[in-house]
Visitor: 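Quick one: this structure, given as structure tokens, is what I'll be asking you about.
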Amino acid sequence: MNFSSKIVEQAVDEFAKLPGVGRKTAFRFVVHLLKKDRSELSAFAHSLLKLKEETRECKLCHNITETDICSICASPRRDRKTLMVVEDIRDMLAIESTEQFTGLYHLLGGVISPIDGIGPSDITAQHLMQRVQEEGFSELIMALRTTIEGDTTNFYLYKKLRRPGLKITTIARGVAIGGELEYADEITLGRSILHRLEYENTLTK
Amino acid sequence: MHLASLSLLNFRNHNEISLQFDKRIVCFTGANGSGKTNLLDAVYYLAFCKSYFNPADHQIINHTEALMVVQGTFDDNNEELKIYCGLKRGQRKIFKKNGREYDRLSDHIGLISAVMISPTDHFLISGGSEDRRRFLDSVISMQDRSYLENLIAYNRFLLQRNSLLRSFAERNYFDEASIEVWDMQLSQVADVIHLKRKEFITSFATVFSDIYSQIGATREIPTLNYESPLEQGSAQEILTQNMQRDRMAGTTTSGIHKDDIEFQLDGFPLKKFASQGQQKTFLLSLKIAQYYWLKAANGGNPILLLDDIFEKLDNTRVERLFNLVASDNFGQVFITDTDAKRIKKAFLQTNIEPQFIPIV
Ligand SMILES: [Zn+2]
């Protein structure tokens, strides 16, 4: 595509960086925005800026929040004895939408994958270990995706975290479509949370 | 499984061709370059969703065209089975069984079994260990899906472990806990794969040497020697032993990804000491053994595709081969040759009348 304006081209380039957006769609977005009046665009731009400026990671679970502690961690109704380990906010929202889980979360922010240059120190594993030390959970549910890397991360954490008095479980395998919690339907996902398995029993299979 | 008809649109050099097969043995005859081999490849394509000769799909579409279609109608125990494959340039290929598209191509593989025997198979002798491993893996995984899954997992674990080793080497750093988790998972699947390969080669070798003596009619003793670092110890032991070396090299230096099969004739390496005819007989026997293996695993006769069979093989051996494939142990056989008379003559001793299809 050849653009008559450098500025239009720049905007298209930016939109095309979004996941699942090609240059054609990006161009459609730009044409659409060009038709808007100034105040609307200004509000749009502002909300983008605020994303980074006014949000932060929850100090406990690494969820995205506007306060130090997110609403889930701060809620008195959550069961503080059960902790579910997920990869990121998308997986957390998928679990939340099942309404089958009332415990707390820990968002790892990724899975261990040397190919992508991600080691244990690049995810919030260290903080998770600290939380397990300090917060006295009785059960830890590993809910990472069932990929080679997700499995390895589960395994790594299991080896680091297992201790007497702490039950480590995993949500039933093969339950999520393509291993992605985000796409699993709520009912199957909900069921697999209720029927979780002892992690140890899923090893050497 | 019997292929009753095949129709191609823009598959390699064939713009449009439709063929019916009414005999068990079908011979495509014609000059070099007429596209006989491409017909065998089309049958292979229907079975494995890919070409035997050319892994790149876009090269299979006739170079001036945008779309290619391969269609085959099979007779599977009196049930009609229609397989369709369509491929448009720049798009993913579509495979259908009786009009319904497969979710995943891998769901199709295994439904139709076929074995191709071609002069290009010589890479099994002349090529590197990875070529022989691929042969080994393809035969085993046809009858053992979990083997294939383990293999895919192994390769992924290996890739990750190597990445980790490389980053350790680059940053002059080492973290035992990080490598340990990959080692444990890697060695778990490695031991399973090793055991399976070992068991497989033992039983495969018996079938293989039997066929060799039938086709070659000689007292030569052909052997398949499985060579694996895991013969020296468990996968975990091998990883531990080689840890220093791996750290230096920044890669996993030993393991089942280094396995090989050594081909021998009377105790000597085939590649160096055997004649071309002996090598060809060796290859043929390997592939026929593969055929028997699939047959036993699938409980039906695979389709046998014999490409340019007279190449480097004397007429007596071809006749013995044809005697073998004419027996009830075999199902449908497709043969290509430039000379119809030569094939007719080689089939004289059998009671079988092949169907001849001239390709121009
Ligand atoms: Zn939180």
Side-chain angles (χ1 to χ4, degrees), chain A residues 22-24 85 87 108 110-130 132-133 140 142 144-163 168 170 173-174 176-180 183-185 199-205, chain B residues 90-91 102-107 145-193 195 234-236 239 243 246-247 249-252 257:
Chain A
R23 289 183 63 79
K24 246 185 187 165
V85 181
E87 186 175 331
L108 275 183
V111 287
I112 296 172
S113 175
I115 309 174
D116 303 303
I118 302 173
S121 58
D122 301 299
I123 57 179
T124 63
Q126 194 60 45
H127 185 212
L128 173 62
M129 288 168 213
Q130 192 191 328
V132 168
Q133 291 271 11
L140 207 62
M142 315 287 259
L144 299 179
R145 296 159 198 222
T146 55
T147 57
I148 293 274
E149 292 72 26
D151 285 349
T152 303
T153 309
N154 273 338
F155 189 40
Y156 175 83
L157 294 174
Y158 169 75
K159 291 193 62 164
K160 290 273 183 190
L161 296 171
R162 67 180 153 179
R163 65 202 61 210
I168 300 182
T170 180
R173 282 162 176 254
I177 303 156
E180 308 243 358
Y183 298 118
D185 74 74
Y199 183 74
E200 203 177 346
N201 298 337
T202 68
L203 294 174
T204 66
K205 254 189 207 166
Chain B
Q91 289 182 22
Y102 283 102
D103 291 333
R104 294 177 307 180
L105 289 183
S106 60
D107 292 339
R145 216 159 252 236
S146 70
Y147 178 81
L148 186 62
E149 279 162 19
N150 280 329
L151 207 60
I152 292 168
Y154 181 86
N155 288 332
R156 185 79 187 169
F157 287 137
L158 187 66
L159 198 69
Q160 291 283 20
R161 186 182 194 264
N162 288 343
S163 259
L164 192 60
L165 284 167
R166 202 161 42 245
S167 80
F168 284 165
E170 278 163 9
R171 291 186 297 160
N172 212 355
Y173 157 87
F174 186 71
D175 171 29
E176 184 142 17
S178 288
I179 200 112
E180 212 178 62
V181 279
W182 294 108
D183 285 6
M184 282 185 75
Q185 304 203 80
L186 187 74
S187 46
Q188 222 173 56
V189 281
D191 286 329
V192 177
I193 294 169
L195 191 68
S234 75
Q236 183 64 65
L239 285 175
M243 187 52 96
D246 287 3
R247 282 179 62 182
T251 188
T252 309
H257 56 289

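Both backbone and side-chain heavy atoms feed into the values below; hydrogens, waters and symmetry mates do not. Below, chains carry the letters A, B, ... as their sequence lines are ordered, and counting in each starts from 1.
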Visitor: Pick from N150(B), L148(B), N155(B): which one makes a side-chain contact (heavy atoms from CB on, under 4.5 Å) with I152(B)?
Guide: L148(B)
Visitor: Heavy atom to heavy atom, less than 4.5 Å: which residues from residues 169-183 of chain B reach chain A?
Guide: A177(B), S178(B), E180(B), V181(B), W182(B)
Visitor: Given V132(A), which of R163(A), H127(A), R162(A) fulfils the side-chain contact (heavy atoms from CB on, under 4.5 Å) condition?
Guide: R163(A)
Visitor: Please name the residue in the list T152(A), L108(A), I112(A) that meets the side-chain contact (heavy atoms from CB on, under 4.5 Å) test with L157(A).
Guide: L108(A)
Visitor: For the side chain of Y147(B) and the backbone of V192(B), is there at least one donor-acceptor N/O pair under 3.5 Å apart?
Guide: no
Visitor: Can you tell me how far apart CG (L186(B)) and CG (D191(B)) are? Round to the nearest 0.5 Å.
Guide: 9.5 Å
Visitor: Measure the CD1-CD distance between I193(B) and Q188(B) for me, rounded to the nearest 0.5 Å.
Guide: 11.5 Å
